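What follows is one structure encoded as structure tokens, with my remarks underneath.
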Amino acid sequence: MSRSLKVAALAAIATAALVYASFVQGRTAHATRALRLLPSTARGLLRIDSRSLLRSAAARTLLDAFVREEQLSEIEATCGLDPIADLAELTVWVRGSAEQPFESFGLMLTGRRVDATEIATCYEALVDARGGSVTRLDAPTGPFLASEDRGSAIALVDTRTAVTGGVRTVAEAMAVRRGLLPTLAERAPVASLWPAVSPGAAIAATLEPPSHWKAALERITTFDAASALHGIDAIGLAVRPGKAQRAEVHLQAKTPELAAQSAALIRRMAEAPPDAMEQPWDELLRTGEVAVDGRHVVVIVDVSSLSPDR
């Protein structure tokens with residue numbers, strides 16, 4: 001090979017490597033965006049990527065199973081806005097203290113065919129349709145709109161993104177944007193699991209389970225659900241694009257030993273689901289494939305049993 005051809009080949013390889021590195025860096029930055037925009041008071045979050053949702057059979061099954069059609073229809077009828085087609089991302093987060101871990105919910109909406117101003121206009125229309133009215137509030141973190149009873153509010157994060165929820169929830173999100181409060185990236189259980197579930201997912205979620213959940217599970221169940229959560233810092237969900245009806249459940253344990261213990265209990269439950277577990281959850285559990293990597297447990301399940309068409 002001549003020297004000029006070698007130089008050209010090396011240049012092509014270097015260019016390809018640079019493009020790939022930029023793609024990976026951009027994908028990682030996008031995946032962690034929610035951690036940088038949300039407050040550390042969030043104990044869990046769920047993000048739906050609309051474009052990936054349309055290419056994921058499992059994600060559509062889960063959405064049909066858990067989101068009521070009338071909720072989406074109300075938005076479309078009132079605002080002329082199709083949440084799946086007109087929005088690029090929907091991110092729900094739950095905030096609260098150790099005593100009240102699920103105190104309130106927030107929603108971050110990023111437009112694809114609509115901008116943040118149109119999203120805010122939709123919010124006003126929804127409040128008006130329910131017999132309320134909207135007023136402008138000027139807060140230290142910037143102006144936002146709130147319902148007259150202060151039950152809800154909305155603020156613009158940028159030209160494409162708006163956050164809505166309770167007044168305090170929205171104020172916290174805007175304070176994060178101005179650097180006045182710590183971000184969710186500083187909440188270790190949620191932040192450390194999010195990069196494993198978020199990249200490329202149609203639906204991604206993480207939750208830091210409250211400690212009292214385990215005690216409650218022990219009281220109301222006769223099987224190993226509580227024991228399987230022993231030593232678990234965070235629970236995650238990832239649903240990828242594709243035709244397969246598969247979802248990933250992620251568990252992050254405090255130690256590799258606790259991860260192995262949880263994995264063993266989940267395998268035992270998958271082989272023989274408890275009698276107290278009703279359909280279709282027992283069928284879903286039987287499909288579980290369990291893998292362990294250090295402190296990380298991944299359970300892959302077939303969600304087709306949740307389809308309303310079955």
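Source: prediction; values computed, not measured. Every heavy atom of this structure was used, including side-chain atoms; hydrogens, water molecules and symmetry mates were not.
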Distance check, rounded to the nearest 0.5 Å: Phe105 atom CZ versus Leu46 atom CG? 10.5 Å

Between Tyr123 and Glu118, is there a donor-acceptor pair closer than 3.5 Å when you use the side chain of the first and the backbone of the second? no

For Arg130, is there an ion pair with Asp128 - N to carboxylate O distance below 4.0 angstrom? no

Rounded to the nearest 0.5 Å, how far apart are OG1 of Thr41 and CD of Glu172? 3.5 Å

Using 4.0 Å as the upper bound for N to carboxylate O, is an ion pair formed by Arg33 and Asp158? yes

Transitively linked via ILVMFWY side-chain contacts under 4.5 Å: Leu107 with Leu207? yes

Following the transitive rule for hydrophobic clusters with a side-chain heavy-atom cut-off under 4.5 Å over Ile, Leu, Val, Met, Phe, Trp and Tyr, establish whether Trp194 and Val298 coincide in one cluster. no

Distance, nearest 0.5 Å, that separates CG of Leu38 from CZ of Arg47: 11.5 Å

Are Glu289 and Arg246 ion-paired here, with the side-chain N under 4.0 Å from a carboxylate O? yes

Can you see whether Ser40 engages Glu186 through a side-chain donor-acceptor pair at a distance of less than 3.5 angstrom? no

Note, Glu208 side chain near Asp233 side chain (heavy atom, < 4.5 Å): no

State, with a plain yes or no, whether a side-chain heavy atom of Pro39 is found less than 4.5 Å away from one of Arg95. no

Is the count of non-hydrogen atoms from other residues, nucleotides or ligands lying under 6.0 Å from Arg51 atom CZ greater than 12? no

Report whether Leu137 and Leu181 are members of the same hydrophobic cluster (ILVMFWY, side-chain heavy atoms less than 4.5 Å apart, transitive linking). no

Inspect the surroundings of CG in Asp293 and state if more than 12 heavy atoms from other residues, nucleotides or ligands are less than 6.0 Å away. no

Does Thr141 offer a backbone N or O that forms a donor-acceptor pair with the side chain of Arg178 under 3.5 Å? yes

What are the two closest non-hydrogen atoms of Ile154 and Phe144, and how far apart are they? O-CB, 3.0 Å

With a 4.5 Å cut-off on side-chain heavy atoms, are Leu37 and Met108 touching? yes

Given the rule in the side-chain hydrogen bond (donor to acceptor under 3.5 Å, both in side chains) test, do Ser307 and Thr61 qualify, once you have shown the distances and angles that lead to the verdict? CA-CA 5 Å; Ser307 175; Thr61 293; 5.0 Å; no

Cys122 and Thr78: side-chain contact (heavy atoms from CB on, under 4.5 Å), yes or no, with the steps? CA-CA 8 Å; Cys122 177; Thr78 304; over 6 Å; no

Check this for me, if you would: do Arg240 and Glu248 make a salt bridge, where the nitrogen-to-carboxylate-oxygen distance has to be below 4.0 angstrom? yes

Starting from the C-alpha separation in whole Å, work towards a yes-or-no answer on side-chain contact (heavy atoms from CB on, under 4.5 Å) for Leu156 and Thr117. CA-CA 7 Å; Leu156 307 188; Thr117 301; 4.2 Å; yes

Would you check if the side chain of Thr287 reaches a backbone N or O of Leu284 as a donor-acceptor pair within less than 3.5 Å? yes

Mind checking the CZ-CD spacing from Arg168 to Glu103? Nearest 0.5 Å is all I need. 5.5 Å

Taking C-beta and beyond as the side chain, do Leu53 and Ile84 meet within less than 4.5 Å on heavy atoms? yes

Check whether any side-chain heavy atom of Leu45 sits under 4.5 Å from a side-chain heavy atom of Thr91, and report yes or no. yes

When every non-hydrogen atom of Val170 is compared with those of Ala155, the smallest separation belongs to CG1-CB, 3.6 Å

Do Ile119 and Val114 pass the side-chain contact (heavy atoms from CB on, under 4.5 Å) test, and can you show the C-alpha distance, the side-chain angles, and the key distance before you say yes or no? CA-CA 7 Å; Ile119 295 172; Val114 296; 4.1 Å; yes

Asp115/Arg160 ion pair, N-O < 4.0 Å: no

Closest approach of Ala173 and Val163, non-hydrogen atoms and distance? CB-CG2, 4.2 Å

Please determine whether side-chain contact (heavy atoms from CB on, under 4.5 Å) holds for the pair Val297 and Gln252, giving the CA-CA distance in whole Å, both sets of side-chain angles, and the decisive distance to 0.1 Å. CA-CA 6 Å; Val297 180; Gln252 183 171 270; over 6 Å; no

Taking all atoms of both residues into account, what is the closest heavy-atom pair of Arg150 and Val167, and its distance? O-CG2, 3.5 Å

Any sub-3.5 Å donor-acceptor pair from Ser305's side-chain atoms to Glu283's backbone N or O? no

Thr169 side chain to Gly106 main-chain N or O, any donor-acceptor pair under 3.5 Å? no

Side chain Ser56, main chain Ser52, donor-acceptor under 3.5 Å: no

Is there a chain of hydrophobic side chains (I, L, V, M, F, W, Y, each step under 4.5 Å between heavy atoms) that links Leu81 to Val92? yes

Report the C-alpha separation of Ser133 and Glu148 in whole Å, then their side-chain angles, then the decisive distance to 0.1 Å, and conclude whether the side-chain hydrogen bond (donor to acceptor under 3.5 Å, both in side chains) test is met. CA-CA 6 Å; Ser133 60; Glu148 196 171 39; 3.0 Å; yes

Between Thr183 and Arg36, the two heavy atoms sitting closest are CG2-O, 3.6 Å

Decide yes or no for Leu62 and Val239: does some side-chain heavy atom of the first lie under 4.5 Å from some side-chain heavy atom of the second? yes

Applying side-chain hydrogen bond (donor to acceptor under 3.5 Å, both in side chains), run through Arg295 and Thr255 and close with a yes or a no. CA-CA 5 Å; Arg295 298 191 304 122; Thr255 67; over 6 Å; no

Is the closest side-chain heavy-atom distance between Leu63 and Ile48 below 4.5 Å? yes

Can you tell me how far apart CD1 (Ile203) and OG (Ser198) are? Round to the nearest 0.5 Å. 12.5 Å

Approximate separation, where rounding is to 0.5 Å, of Arg43 CZ and Leu184 CG: 11.5 Å

Hydrophobic clustering (ILVMFWY, side-chain heavy atoms < 4.5 Å, transitive) - are Val157 and Leu180 grouped together? no

Closest non-hydrogen contact found for Asp86 with Gly80 is OD2-O, 4.1 Å

